[in-house]
Enquirer: 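Pasting a structure below so you can have a look.
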Amino acid sequence: MRELSKAEETFLITIGRLRENAYGVSIRDKIAELTGKVYTYGTLYGLLDQLVNRGYALKLEGAPTSERGGRRKLYYRLTREGIEALKASYQVQQSLWSGFDLSSIDEGLKI
Amino acid sequence: MKKIRSDNPPRIAEKFISLFAHYQNRPYILGDLDEDFSGKCREKGRFFASLWYWSNCFLILPGLLKFNLLWRFFMLRNYIITAFRSIMRHKGISLINILGLGIAFACSLLIIIYINFETGYDNYHRNVDRIYRVGIDIDTPDFKRTFSRISFPLGPYLKENFPQVEASGRLWQRSNVLVQYEGKSFYEDRFYYADKDIFSIFSFSFIYGNTTEVFRDPGTVVITESISGKYFGGEDPTGKVISVNGNDFIVSAVVNNAPENTHFKYNFIVSLNEPALPKWIHTNWKTTMASTYVVLKEGTNREAFISGIMNKVLEGVVDSGDTNNYFLQPIRDIHLHSNLSGELESPGDPLYLYIFAIIAGLILIIANINFINISTARSANRAKEVGVRKVIGANRKQLVSQFLGESFIITIIALIVAWSIVFLSRDYFGELLGIRFTSGDFININVALSLAVIVFLSGFAAGSYPAIFLSSFKPISVLKGKLRSGAKGSSLRRIMVICQFSISIILVASTLVVFRQVSYMKNEKLGFSKEQKLVIPVRRGADISDNYEMVKKEFTGFAGIYSASVSSGVPGRTTQGANIKLLNVEDDKSQWMHYMFVDNDFISAFELELIAGSSELKAPLDESKTTFILNETTVKLFRWHSPEEALTKNLWSGYGGRHGPVVGVVKDFHFRGLQQQIGPVILNNYPEMFRYITLTVDTANLKEILLFVGETWQKLFPGIPLEYYFLDDMFDNLYRSEEKTGTLIGTFTLLGLIIACLGLFSLASFIADQRNKEIAIRKVHGASFADIAFLQYKDILKWILISNLIAWPVSYYAAENWLENYANRIGIDVWLFAVSGLATLVIALLTISYHTVKVASSNPVNSLRYE
């Protein structure tokens, strides 16, 4: 299985965390809150399209709200593949980090 | 779902984003932004929110472009590749398409350039929208005429008394000015007296000298670059002295040459305040001599300004005589929409612009029909391709874009071809029109825009039918082979071919009509002899009013010169005009008519036919007594019953108040050329007016005669340049513009016909392909070569006969309309149309002959062996 890129991973995690409420504004805000990185909507939707194309997420249209000038929200959900990919990614992270303590590294090793 | 909210995001910013966002994500991105916007509005206020929205507009761009345009580019590249493949696979067809469209584009491009040139007259001035020429409408019981020139004092008066006038300047055009410098001497025509303000009203650029130096001192002249080169060989001429009609003028500045498209083409400009000019021009309010231009301040109401002048006129402050109406002409309208007395140059005719625009449109239609016809005819072959594409999963939209893409690529290649044709033919074209085009005439925004529109429309028109038609095929029926090859749209194809050939026949017939009219005008009897006439204009510096008999003797003393005559004008040139009335009849209304002042030999030299009285035109014995000879039209104008009755009358002439009896009447002759009606003309002997010497010469030994004429002239008028021309050449020149128009229409007609034939040729090949098997079976059953050939010709024959039915009335109507402009015109004969129709038919039959013969002589086995 293809490994997720950092950005894809961030997006998928955010979508997963937001559960039923993952759409443009909330995803953008959540990512900003979690990582401090502010995406413009242009880049955001580009990446989201990519996730959908690769089958990690799917799009669902919501009801139009007056708050958005009568426009619909586009909700994102994780697909089975998306969840699998996240799991795989998590395992890689785990195996990378397990048994490794950052504070135990001696800075003096620097040459 | 209209929302009622006070905190809408900025409209324009929204539009901006939707422009770039991919259509699938567009509403969601906008929605998200809108939501964010309302949040920001509540927190920090509307102003800040708007600011944020706008900045986001631009921040969002890289992301949008990266993810969407990239895909679009890939798709575009894909279309281009498939289109090129398709073009390369069918080289012959593509070539015909590209060539046809290319020629059509080249024609329309040339015509657009010409129209743009003509409509762009005087567009280069800085304040062009506010520059007007003041004209006058003189309407008295005796006299009714509209002039483009007004009296001299009015121009400065307008500037002083009307706050709306920012600047006013006058021009006084002079011709036949004798200019001399160090042994070079020429008669110059583009010579103007002008106000200094002219240099700020019109746009000049100075090569030597500057605006402040212009007209600072009396006796100075401003010349153009080309004149500087002609007299001074290009070195700085400022400070040098030239002789103008014998007076010395110092060159004070050199300005750029007048552009080709201005109505005011200058070469020499001298101040109107020269002390040598007569004083009365500054005080006489009744002349119509000064072309006067005003620059109105911005926002000036033209009507109010004009009625302001009219009030002054009524109050008698502006004393210009009877109830005259003043009017303003925008400077841009002068070339095409003004044909008044005293125009600085003969104006253009918008009629020809319309004609050319229509021709361009017709040729484009012919070329586009080719394109559509070929595409639909090929639909049989392409149907399978469409079927396969559809099965694989292409949706209709993709197919439409593919076909449109193909047609646009062909259009763009055709455009490149067109540019090359235009580039190669521009000198020939410019020569035909008598215009020296600059590169700026070819490459400018108007031309580019109109071309873009034409290319877009052609690409769309030619591509859209096949795109929609082909993409609608049902894959299953196509692949099963149910679709009869090219059966669909064959009636449309028929209509289109008929349309093409109707246009072709109309164009051919129009060309024939124009050429017939030109040759009619060239060959029609004029009522006088124009053959073997050598005309010598006598201009300033030479004078023959006292010694013309001696001058005539000098010239006739040579073997090859049969006769000499002097006159105020020769037939074909403008004549003088004045009033005339019956002598000693009080209540007689005076008649305005043409005058030709001629000597005793004029009537015999020009072989005018005398129908009553004598041809004796005695030189006047004293200042007031004279004799007159009239033409038939004048007799009719006076309502006399016969030429003999005219001989009993005495006339009083508006020219110097001379009076005397009518001694003769001549048959009408075309003294103004055949474009105009024969008017009333009076012949009168008035030596002060003699300006031309006409010699009847033996053209066989022209060389010696010209040598003799040159020597005699130098003996008579030493130092004055000799000019001469032949009268028949001058008459041919009168019809030059018709001839040029004819040649142009002929050229375009030929090109249109070629395009139509290209289309027919490829269509014939498709039809032959389709009927391949049918013909093979016919042959097997015993059909002869002739039977098969007739089968093929029959269709075309039918189509062209129908085209003729459509084309004849249309071309009759068009020709009738055009010929209405001519006082002396040809009748429209049926044979003109018959020839056009027949010629088109023959060309069309020849075009399809290649395929016809090929099919008719082919071996049926080759077509049938696969069955």
Enquirer: Measure the OH-OH distance between B:Tyr28 and A:Tyr76 for me, rounded to the nearest 0.5 Å.
Expert: 8.5 Å
Enquirer: Quiz question: by atom type and distance under 3.5 Å, do the side chains of B:Asn56 and A:Tyr41 form a donor-acceptor pair?
Expert: no
Enquirer: Do you know which of A:Val25, A:Asp29, A:Leu44 has the most heavy-atom pairs with chain B at a distance under 4.5 angstrom?
Expert: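 Most heavy-atom pairs under 4.5 Å with chain B: A:Val25.
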Enquirer: Looking only at heavy atoms, which two atoms of B:Leu59 and A:Thr40 are closest? And how far apart?
Expert: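 Where B:Leu59 meets A:Thr40 most closely, the heavy atoms are O-CG2, 3.5 Å.
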Enquirer: Just checking A:Leu96: does its CG atom have more than 12 heavy atoms from other residues, nucleotides or ligands closer to it than 6.0 angstrom?
Expert: yes
Enquirer: So do A:Arg71 and B:Leu30 actually touch side chain to side chain, heavy atoms under 4.5 Å?
Expert: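 Result yes, sub-4.5 Å side-chain heavy-atom pair found.
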Enquirer: Among B:Asp36, B:Leu33, B:Asp32, which residue forms the greatest number of heavy-atom pairs with chain A at distances under 4.5 Å?
Expert: B:Asp32
Enquirer: For atom CZ of A:Phe100, decide whether the heavy atoms of other residues, nucleotides or ligands shown that lie under 6.0 angstrom number more than 12.
Expert: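 Counting other residues, nucleotides and ligands, CZ of A:Phe100 exceeds 12 neighbours.
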